[in-house]
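Everything on this sheet refers to the single structure shown next.
As the structure lists them, so they are numbered: ligands from 1, and atoms in each ligand from 1.
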Amino acid sequence: MKEKIEALMAEVEAVKAATKQDIEDARVRLLGKKGSITALFEEFRNVPAEQKKEFGAKLNVLKTAAAAKIEELREAMENSGAAAGAAASDLSMPGEPMELGSRHPVSIVRQEIVDIFRKFGYDVAEGPEIEDDWHVFEALNFPPEHPAREMQDTFFVSEGETAQDGSKHNPVLLRTHTSSVQVRTMEKMPLPIRVICPGRVFRNEAISARAHCIFHQVEGLYIDENVTFADMKQAILLFAREMFGPQAQIRMRPSYFPFTEPSAEVDVSCNICGGKGCNVCKGTGWLEILGCGMVDPNVLEASGIDSKKYSGFAFGMGIERIAMLKWQVKDLRNYFENDLRFLREFNTEL
Ligand code: PHE
């Protein structure tokens with residue numbers, strides 16, 4: 001018995017394994033149901049009673065040593081990934097494909113608009129989303145009582161200081177349009193100016209299929225000597241043809257903005273029905289795409305530009321709206337919900 005235990009102990013110590021299978025084989029050979037250590041426990045029954053204590057202890061030491069050795073080999077195998085990998089994986093197998101994301105439809109259209117105006121010689125200007133009253137309203141000729149300043153439209157960050165006469169000074173707010181960036185550009189850039197200002201804007205509106213409290217705009221500004229309404233009309237027509245195709249027509253309707261005079265709303269001929277009338281254009285053949293106008297002299301003067309010498313035009317459009325027309329997206333909320341089924345539809349536009 002003693003010799004057998006010693007021989008097996010030597011065997012346990014000498015066990016080596018190159019693969020997981022080697023370890024399993026050693027376990028079965030030693031500790032399995034028909035393993036040599038298990039067999040020794042069977043023999044132990046016949047050991048004379050007075051030797052039981054001595055051999056019992058030795059056998060237990062042997063069994064524990066064998067189990068520990070197996071465990072040690074397993075751990076070593078798992079830690080050296082190479083050996084495990086070599087045994088478990090087929091290195092010639094093709095890799096798992098990595099799924100690439102796609103650009104968001106708002107980014108795609110924003111880039112398209114920016115690229116079109118870059119071709120026309122416009123620079124891109126950006127500015128802060130948290131703005132002051134001056135850049136969003138005051139410098140843009142909004143009279144103090146204008147409804148757009150009211151809480152229902154604007155998210156205020158702070159109310160600003162109230163002077164003795166009751167007037168409020170420079171509240172801090174989330175910009176409601178990127179015209180604020182145009183003001184910043186007029187304040188610091190040399191003339192002539194030709195910029196577009198893409199960015200995110202905020203309005204305190206109830207969220208629905210047609211309105212959201214967050215959306216994106218691209219606004220444009222062109223200031224030089226002798227800029228006329230005809231220049232504006234031509235720039236917008238060229239833009240519409242680049243964006244919606246060479247057959248696109250535009251029409252202008254008189255409108256009002258505090259910062260432009262005269263002002264207009266621009267419609268483009270419906271690119272779905274070609275102007276015949278369908279449910280997208282509600283039978284009119286026209287789709288509204290942007291607002292525009294000649295920069296009000298008050299706005300030029302507020303930014304230190306001589307309105308006798310210079311004139312200019314400005315325009316502004318909603319990126320989501322253009323994207324809706326381009327792809328016939330019916331519900332504005334799709335743009336903000338990150339539903340992959342929606343986003344994947346734009347995969348091809350990469
Ligand atoms: N700022 C206007 C808006 O947000 C759009 C606009 C820009 C209109 C420039 C005219 C000229 O609705």
Side-chain angles (χ1 to χ4, degrees), residues 106 110 113-114 117 120 122 124-129 131-143 146-150 152-155 173-186 193-205 210-223 227-229 231-237 239-240 250-268 287-300 302-303 305 307 310-322 324 332:
V106 169
R110 171 192 157 127
I113 299 171
V114 166
F117 282 102
F120 298 168
Y122 286 69
V124 174
E126 289 188 354
E129 292 178 350
E131 262 291 6
D132 53 31
D133 184 85
W134 169 260
H135 289 95
V136 176
F137 297 128
E138 192 82 33
L140 287 162
N141 201 32
F142 276 80
H146 194 282
R149 290 167 174 245
E150 292 297 309
Q152 78 234 27
D153 272 325
T154 310
F155 288 111
L173 41 89
L174 301 184
R175 66 183 179 193
T176 56
H177 51 185
T178 56
S179 304
S180 52
V181 185
Q182 305 183 348
V183 175
R184 289 184 177 275
T185 307
M186 287 189 282
I193 288 173
R194 234 190 260 175
V195 284
I196 48 167
C197 315
R200 187 157 54 161
V201 300
F202 308 85
R203 287 185 199 177
N204 195 355
E205 306 223 21
R210 300 184 63 90
H212 209 288
C213 57
I214 301 173
F215 59 101
H216 298 78
Q217 285 189 323
V218 177
E219 297 214 355
L221 176 69
Y222 185 12
I223 300 176
V227 177
T228 67
F229 198 96
D231 296 328
M232 176 171 77
K233 204 171 158 189
Q234 189 63 16
I236 292 171
L237 177 64
F239 163 72
I250 59 165
R251 74 173 183 187
M252 289 182 154
R253 289 175 285 111
S255 185
Y256 173 78
F257 298 103
F259 35 89
T260 48
E261 183 60 37
S263 309
E265 215 102 45
V266 178
D267 298 338
V268 65
L287 300 162
E288 187 188 320
I289 53 163
L290 56 82
C292 64
M294 301 306 291
V295 182
D296 192 300
N298 287 346
V299 173
L300 296 175
S303 299
I305 294 172
S307 64
Y310 291 97
S311 58
F313 63 77
F315 55 86
M317 66 191 104
I319 300 181
E320 284 83 357
R321 167 130 188 103
I322 304 279
M324 277 173 118
L332 198 55

### Message
Would R203 count as a polar contact of ligand 1, with the cut-off being nitrogen or oxygen pairs under 3.5 Å?
### Response
yes
message = Check for me whether the distance between the ring centres of F315 and F117 falls short of 6.0 Å.
response = yes
Near S179 (heavy-atom distance under 4.0 Å), the atoms of ligand 1 are 1 (N)
Does the ring centre of F257 sit less than 6.0 Å away from the ring centre of H177? no
Ligand 1 atoms nearer than 4.0 angstrom to some heavy atom of F259 are 1 (N), 2 (C), 6 (C), 7 (C), 8 (C), 9 (C), 10 (C), 11 (C)
Note: R175, heavy atoms under 4.0 Å from ligand 1, region reported as neither
Taking only non-hydrogen atoms of F315 and a 4.0 Å limit, the atoms of ligand 1 in range are 7 (C), 9 (C), 11 (C)
Under 4.0 Å between heavy atoms, the region of C292 that gets near ligand 1 turns out to be backbone
### Message
I want to know if ligand 1 touches E219 in the polar sense, i.e. an N/O pair below 3.5 angstrom.
### Response
yes
Is the number of heavy atoms from other residues, nucleotides or ligands within 6.0 Å of CZ (R210) greater than 12? no
| request: May I ask you to say whether E288 pairs ionically with R321, meaning some side-chain N is under 4.0 Å from a carboxylate O? | output: no
Within 4.0 Å of some non-hydrogen atom of Q217, the atoms of ligand 1 are 3 (C), 4 (O)
- Item | Any donor-acceptor N or O pair under 3.5 Å, side chains E205, H212 | no
Query raised in the report: Is there side-chain contact between P128 and R184, with at least one heavy-atom pair below 4.5 Å?
Result: yes
